[in-house]
Amino acid sequence: MAKILIGPVTRENTPMAVEVSLANKVISDAKIMGRHMRGFEYMLAGLVPSDAPYFTERICGICSTAHTYASCLALEDATTHDLTKNGVLIRNIIFLGDLLQNHLRHFYLLSVPDYVHLAEEPPWLPRYTFRDRLPSAVTKRITANYFKAFEVSRDAHTLSANFGGRTPHTWSIQPGGATVQPTGEKIMRALANLRLVKEFVTGAYREDLLALVEAYPEYSEYGSRPHNYISFGLVRDPDKPSEPFLPGGAVLEGQKEAVEVTAISESIEHSWYSAAKEVEEGPFYHRSPEPDRQKPGAYSFIKAVRYKGKACEGGPIARAVLHGGYQGGNAVWNRHLARQWEAERAVELMERWINQLQENQPSYVQWESPEAGKGQGLFDAMRGPLGHWVEIAGGKIKNYTVVTPSVWNMGTRVGAENLSPLEEALIGTPIEDVENPVEIGRVVRSFDPCTACAVHVITPTRKLEPFRIV
Ligand code: NFE
């Protein structure tokens, strides 16, 4: 049986490798391989708890505010802490600005080159050979918007930096709220940035995506998988800070239910970690397993996470199913369309919330770390459910665990048959030209994968294997 290994898969947030098996030029099996080791959990043990948001937001550059938000929720959960409305509004605005820059960069910078012949020079060359099916005027327009997207995604980031001090890796999201006051000047600037982003998200982004959907109709089928989804809920409700604004939930074979955290399990069966029984169980207050690169049968530093034993997909499409009344398919274009739909909803929420900021009301309430305690921060990052779990003992972090959306979406299999969502989605995809397997990248990128979040820390002496057909 022919196999194709692509390693690294480029144009994603930190490369990983994909190996597919082909039967009659159709993908019959797929393995996603995260070949870095993150190790942030080891680094956090022994630090003072208030360091956790600063450290964990550096897990990744594209979703950093999701980590600092989730980390603060975990620390606040360890102490039963109340937040102010201003504090929640500012956190939500910072995060949604980050979500908008993510969705725009994902579409234009990472995905569009899979379908459109942009400039015929490096860094857009070399690339797989494929036919650009768009009329030349549309290719020209999308190419211009590709470059415009650099500016507009910067505007979205600037909006976050306006309240966060900087992005990525903001300063002002802290346990206790946000350490910045919403002055009239900041509010005016945020609204000005948002106007620029809104125009692009509701205009170019929507129009360009629909042009690709029309030109490449087979991607309304390729990349489909079982209808199992999960979300921990999007941001917090400014009027009820202990609750998500859009509640989380799970969908198993099309049926919605509330998430029971104790039904989440992790497996390292096929991951490069030494076996530690408690890791298979949950909840997540435990020491991380030790790396073991020689483990037989393992193929990734990403673990496997399951809900009630099922591989569940997170991200915009899961949120569209849970909150948007969406009941359609989950092929490549459905994921992209859900992301664009979510970007429009994010703009609407931000307009509302920026206008609710109160100049003279507090944004921060002093937070003190407990001597001992446990807390969990359940949140939805751009790509899906993000969980931070902290255990504090003697005023220091004893254990810290992070389970990211990309672990949900592109972890390893459990046993031989229980594949991760991205592995499931690749199976059944026809490969027209095995020398130019462009279909693989198109399915992979529809998940907006991020290996940096799922793993971390590369061994510099080890070379990544290049693309080859086995
Ligand atoms: Ni590095 Fe992240 C998001 C988190 S992981 S991008 O969204 O958490 O998938």
Side-chain angles (χ1 to χ4, degrees), residues 8-9 11-16 32 34 36-41 52-53 55-74 94-107 109-111 153 156-157 160 167-170 173 229-235 248 264 284 300-305 311-319 335 338-339 342-343 346 376-389 400-412 420-422 444-458:
V9 177
R11 276 188 285 107
E12 49 160 31
N13 302 295
T14 320
M16 39 74 161
I32 309 300
H36 315 64
M37 212 283 287
R38 183 174 66 205
F40 264 68
E41 284 92 343
F55 273 70
T56 56
E57 68 182 347
R58 283 165 175 78
I59 286 172
C60 181
I62 197 83
C63 69
S64 67
T65 53
H67 284 289
T68 194
Y69 205 139
S71 184
C72 289
L73 294 178
I94 292 172
F95 170 72
L96 290 179
D98 213 9
L99 177 138
L100 284 167
Q101 68 78 22
N102 178 86
H103 286 9
L104 287 170
R105 286 177 183 163
H106 171 260
F107 179 64
L109 311 188
L110 308 183
S111 301
S153 59
H157 240 179
S160 295
T167 38
H169 314 139
T170 58
I173 297 181
Y229 305 102
I230 188 158
S231 162
F232 287 159
L234 196 68
V235 295
I264 298 173
F284 300 92
S300 178
F301 275 120
I302 311 174
K303 301 175 200 169
V305 61
C312 293
E313 178 174 350
I317 197 160
R319 295 189 283 264
R335 291 190 187 93
R339 203 169 281 116
E342 181 170 82
Q376 68 179 355
L378 302 182
F379 188 72
D380 247 37
M382 299 72 171
R383 292 160 187 74
L386 170 64
H388 281 223
W389 285 266
Y400 203 101
T401 300
V402 177
V403 180
T404 64
S406 289
V407 180
W408 284 95
N409 289 338
M410 52 183 248
T412 47
S420 69
L422 177 48
V444 167
R445 291 189 189 95
S446 70
F447 281 81
D448 190 5
C450 175
T451 322
C453 273
V455 294
H456 224 253
V457 185
I458 191 165

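Computed from a predicted model, the values in this text were never measured in an experiment. Remember, it's 1-based here, ligands and their atoms both numbered in the order they're listed.
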In terms of atom number and element, which parts of ligand 1 are under 4.0 angstrom from non-hydrogen atoms of [X]?
X      : answer
Ile62  : 1 (Ni), 6 (S)
Ala381 : 3 (C), 4 (C), 7 (O), 8 (O)
Thr404 : 5 (S), 8 (O)
Cys450 : 1 (Ni), 6 (S)
Leu386 : 8 (O)

- Part of Ser406 within contact of ligand 1 (heavy atoms, under 4.0 Å): both
Let me confirm one number: the [atom1]-[atom2] distance from [X] to [Y], rounded to the nearest 0.5 Å.
X      : Y      : atom1 : atom2 : result
Leu234 : Leu96  : CG    : CG    : 6.0 Å
Arg11  : Ser111 : CZ    : OG    : 7.5 Å
Ile302 : Leu422 : CD1   : CG    : 9.0 Å

- Query: For His67, what residues pass the side chain to side chain donor-acceptor pair (under 3.5 Å) criterion, not counting sequence neighbours?
  - Reply: His388
- Query: Who's closest to atom 4 (C) of ligand 1 heavy-atom-wise, of Gly314, Cys63, Pro449, Gly315?
  - Reply: Cys63
- Please determine if Cys60 has a nitrogen or oxygen closer than 3.5 Å to a nitrogen or oxygen of ligand 1. no
- Side chains of Arg339 and Ser446 in contact at under 4.5 Å (non-hydrogen atoms): no
- Task: With sequence neighbours left out, write down each residue that passes ring-ring contact (aromatic ring centres under 6.0 Å, His included) with Tyr69, or none if nothing qualifies.
- Result: Phe379
